[in-house]
Amino acid sequence: GTVFINGADETYRRMIDCVEEGSPMLLLESTGGVTQAFAYVMKAVRLLKPNWDVDYVLRLVSGR
């Protein structure tokens, strides 16, 4: 797995790679950058659609 803290373009690409590979990810909220954005979107979607699979939500976030 991978732990993501903050980040920009390269971090975004690594997150997308993890989603595509099905690799575990830990996103730390309130750290800024794309990690914070991914974490907040995941949290919001999970609250709205608690029955959705996490992988499906990540694919929605990543646009893939």
Quiz prompt | Pairs touching residues 22-31 that satisfy salt bridge (Lys or Arg N to Asp or Glu O under 4.0 Å), sequence neighbours left out | solution = Glu29-Lys43
Exercise. Go through the steps for Leu27 and Met15 under the test side-chain contact (heavy atoms from CB on, under 4.5 Å), then give the verdict.
Key: CA-CA 10 Å; Leu27 306 173; Met15 285 180 179; 3.8 Å; yes
Quiz item: Got Asp17 and Tyr12 here, is their nearest side-chain heavy-atom distance under 4.5 Å?
Solution: no
Exercise. Quick one: closest heavy-atom pair of Cys18 and Thr2, and the distance?
Key: SG-OG1, 3.7 Å
Exercise. Apply salt bridge (Lys or Arg N to Asp or Glu O under 4.0 Å) to Glu21 and list each qualifying residue two or more places apart in sequence or on a separate chain.
Key: none
Exercise. Measure the spacing between OG of Ser30 and OH of Tyr40 and express it to the nearest 0.5 Å.
Key: 3.0 Å
Quiz item: Looking only at heavy atoms, which two atoms of Phe4 and Thr11 are closest? And how far apart?
Solution: CD2-CG2, 3.6 Å
Quiz item: Between atom OG1 of Thr31 and atom CD of Gln36, what is the distance when rounded to the nearest 0.5 Å?
Solution: 6.0 Å
Quiz item: With sequence neighbours left out, what residues match Arg13 under salt bridge (Lys or Arg N to Asp or Glu O under 4.0 Å)?
Solution: Glu10
Exercise. Run the numbers on Ile5 and Thr35 for side-chain contact (heavy atoms from CB on, under 4.5 Å), then give the verdict.
Key: CA-CA 6 Å; Ile5 302 170; Thr35 300; 5.6 Å; no
Exercise. Starting from the C-alpha separation in whole Å, work towards a yes-or-no answer on side-chain contact (heavy atoms from CB on, under 4.5 Å) for Val3 and Leu28.
Key: CA-CA 8 Å; Val3 177; Leu28 298 181; 4.2 Å; yes
Quiz item: What pair of heavy atoms forms the shortest contact from Gly1 to Ser23, and how long is it?
Solution: CA-OG, 4.1 Å
